[in-house]
Amino acid sequence: MSDTVLTLTRPDDWHLHLRDGAAMHSVVPYTARQFGRAIVMPNLRPPVTTAAQAATYRERILAAVPAGLKFEPLMTLYLTDNTPPEEIAAAKAAGVVALKLYPAGATTNSDAGVTDLRKCYKTLEAMQRAGLLFLVHGEVTDPDIDVFDREAVFIDRVMRPLRRDFPELKVVFEHITTLEAAQYVSEADRFTAATLTPQHLLYNRNAIFTGGLRPHYYCLPVLKRETHRQALIKAATSGSPKFFLGTDSAPHASVMKENSVCGAGCFTALSALELYADAFEAMGALDKLEAFASFNGADFYGLPRNTDTVTLRKQSWTLPESVPFGDALLKPLRGGEALAWQMV
Ligand SMILES: NC(=O)N[C@@H](CC(=O)O)C(=O)O
Ligand SMILES: [Zn+2]
Ligand SMILES: [Zn+2]
């Protein structure tokens with residue numbers, strides 16, 4: 001491996017928002033160019049709650065993949081208080097790989113989410129039996145809990161009871177943002193893993209307030225203090241197979257981001273690998289990027305690793321300020337700025 005060229009087994013994105021319709025058509029090509037597969041989040045309006053809906057959503061995504069690219073969307077269902085246990089067998093038969101927990105009110109399009117996980121125990125049992133994974137947005141929504149503490153409190157209130165009651169359910173603690181979550185996952189058994197986003201590896205919460213309020217750095221869980229960022233990049237570059245790539249690329253039209261109420265989500269799909277390469281290089285850990293991006297996630301999900309490769313070259317380029325998003329515009333994280341790495 002030379003200093004200026006990095007060739008990796010083709011990575012997968014284990015946490016991605018593609019939206020639907022014209023907006024989806026605008027963003028699918030970015031992911032399909034970099035990644036072999038992606039776990040597609042189900043928080044559409046209305047959410048993807050049934051196997052049948054997941055199957056038709058999958059077809060719409062495939063129709064948006066540019067000719068000549070091979071990309072496999074891996075589908076998920078949005079768990080609600082009322083997801084029937086019988087839906088799990090149908091989901092498995094339709095190729096759905098996981099269910100997603102959105103605590104009601106925790107994040108974008110989560111109003112149909114779970115109000116109390118105990119209401120879902122029969123369905124979780126069916127998932128554990130069927131070998132479907134459980135992907136978790138790990139924040140409590142209690143208004144008494146400070147927004148910066150919601151992930152740490154979730155560990156005690158939800159994660160520990162969940163692990164105790166379903167020890168063999170594979171759980172992914174999605175987009176972790178804290179030292180507490182990194183520690184919890186490192187110490188957990190082999191049924192627990194976590195995804196890490198580029199923004200949480202690269203930035204601390206100062207980024208949201210540098211020289212004014214910067215909506216494009218606002219996502220959930222919100223960026224935390226520098227001590228947390230350091231714990232996350234340490235986990236990502238540790239070589240532990242429990243941590244893997246999940247961009248959480250979450251496109252919102254710039255008119256919605258630059259508004260009196262700004263939706264949560266950073267759009268990173270356009271330059272995801274470049275952003276991760278930056279974060280790993282700053283730690284002197286480029287040699288750890290391939291396992292994080294291309295091996296650990298597939299191994300945890302029990303899927304084969306990809307066999308083709310991608311190449312990144314160290315050459316400066318400028319990320320566009322904005323790109324089309326259906327009829328609207330979409331601003332990538334770091335839009336208009338120079339990036340050190342470029343996928344070729
Ligand atoms: N991460 C975000 O800030 N937003 C995501 C939802 C989510 O993953 O929580 C979105 O769908 O916009
Ligand atoms: Zn989330
Ligand atoms: Zn997400």
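All ligand and atom numbering here is 1-based and tracks the order in the structure.
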Using the Zn ion (ligand 3) as the apex, give the angle to atoms NE2 (His17) and NE2 (His15), rounded to 10 degrees. 110°
For ligand 1, find out whether one of its N or O atoms is nearer than 3.5 Å to an N or O atom of Ala250. no
Give the ring-plane orientation class for Tyr217 versus Tyr203, where under 30° counts as parallel, over 60° as perpendicular and anything between as tilted. perpendicular
May I ask you to check if any N/O/S atom from His175 comes under 2.8 Å of the Zn ion (ligand 2)? yes
As an exercise, identify every atom of ligand 1 less than 4.0 angstrom from a heavy atom of Asp248. 1 (N), 2 (C), 8 (O)
Under a 3.5 Å cutoff, is there a donor and acceptor pairing between the side chains of Glu274 and Trp317? no
Treating Ile, Leu, Val, Met, Phe, Trp and Tyr as nodes and any side-chain heavy-atom pair under 4.5 angstrom as an edge, say whether Phe325 and Leu270 lie in one connected cluster. yes
For a side-chain contact (heavy atoms from CB on, under 4.5 Å) with Asp248, tell me which candidate from His200, His17, Met41 qualifies. His17
Near Ala264, which atoms of ligand 1 are under 4.0 Å from a heavy atom of that residue? 2 (C), 3 (O), 4 (N), 10 (C), 12 (O)
If you count the non-hydrogen atoms of other residues, nucleotides and ligands that lie under 6.0 Å from CZ in Arg164, is the total more than 12? yes
Region of Asn109 engaging ligand 1 - heavy atom pairs below 4.0 Å: neither
Tell me whether Ile39 shares a hydrophobic cluster with Leu101, the cluster being built from Ile, Leu, Val, Met, Phe, Trp, Tyr side chains joined at under 4.5 Å. no
Which of the N/O/S atoms in Asp248 sits closest to the Zn ion (ligand 3)? OD1
If we ignore angles and hydrogens, is there a donor and acceptor under 3.5 Å between the side chains of Asn204 and Arg229? no
May I ask you to check if ligand 1 and Lys100 share an N or O to N or O distance below 3.5 Å? no
Atom name in His137, limited to N/O/S, at shortest distance from the Zn ion (ligand 2): ND1
Would you mind telling me if ligand 1 is within reach of the side chain of His252, the backbone, both or neither, using heavy atoms under 4.0 Å? side chain
Quick check on contacts: which atoms of ligand 1 are under 4.0 angstrom from a heavy atom of Leu220? 1 (N), 2 (C), 3 (O), 9 (O)
For a quick check under 3.5 Å, do Lys224 and Thr177 share a side-chain donor-acceptor pair by atom type? yes
Does this structure show an ion pair linking Glu125 with Lys122, if we count only N-O contacts that are shorter than 4.0 Å? no
If you measure every N/O of His137 against every N/O of ligand 1, is any gap under 3.5 Å? yes
Give the residue, atom name and distance (to 0.1 Å) of the protein heavy atom nearest atom 5 (C) of ligand 1. His17 NE2, 3.6 Å
Cationic N near anionic O, under 4.0 Å, Lys70 to Asp308: no
Counting from 1 in the order shown, the ligand 1 atoms closer than 4.0 Å to a non-hydrogen atom of His175 are 8 (O), 9 (O)
Relative to Phe280, does Lys288 satisfy both conditions: NZ or CZ under 6.0 angstrom from the six-membered ring centre, and within 45 degrees of the ring's axis? no
Tell me the contacting part of His15 for ligand 1: side chain, backbone, both, or neither, using a 4.0 Å heavy-atom threshold, strictly below. side chain
Identify which of Leu135, Thr197, Thr107 has a heavy atom lying nearest to atom 7 (C) of ligand 1. Thr107
Could you confirm whether Glu174 has any N/O/S atom lying under 2.8 Å from the Zn ion (ligand 3)? no
So, does Arg19 sit close enough to ligand 1 that a heavy atom of it is under 4.0 Å from the ligand? yes
Proximity of Trp14 and Tyr301 rings by center, below 6.0 Å: yes
Under 3.5 Å between some N or O of ligand 1 and some N or O of Cys219? no
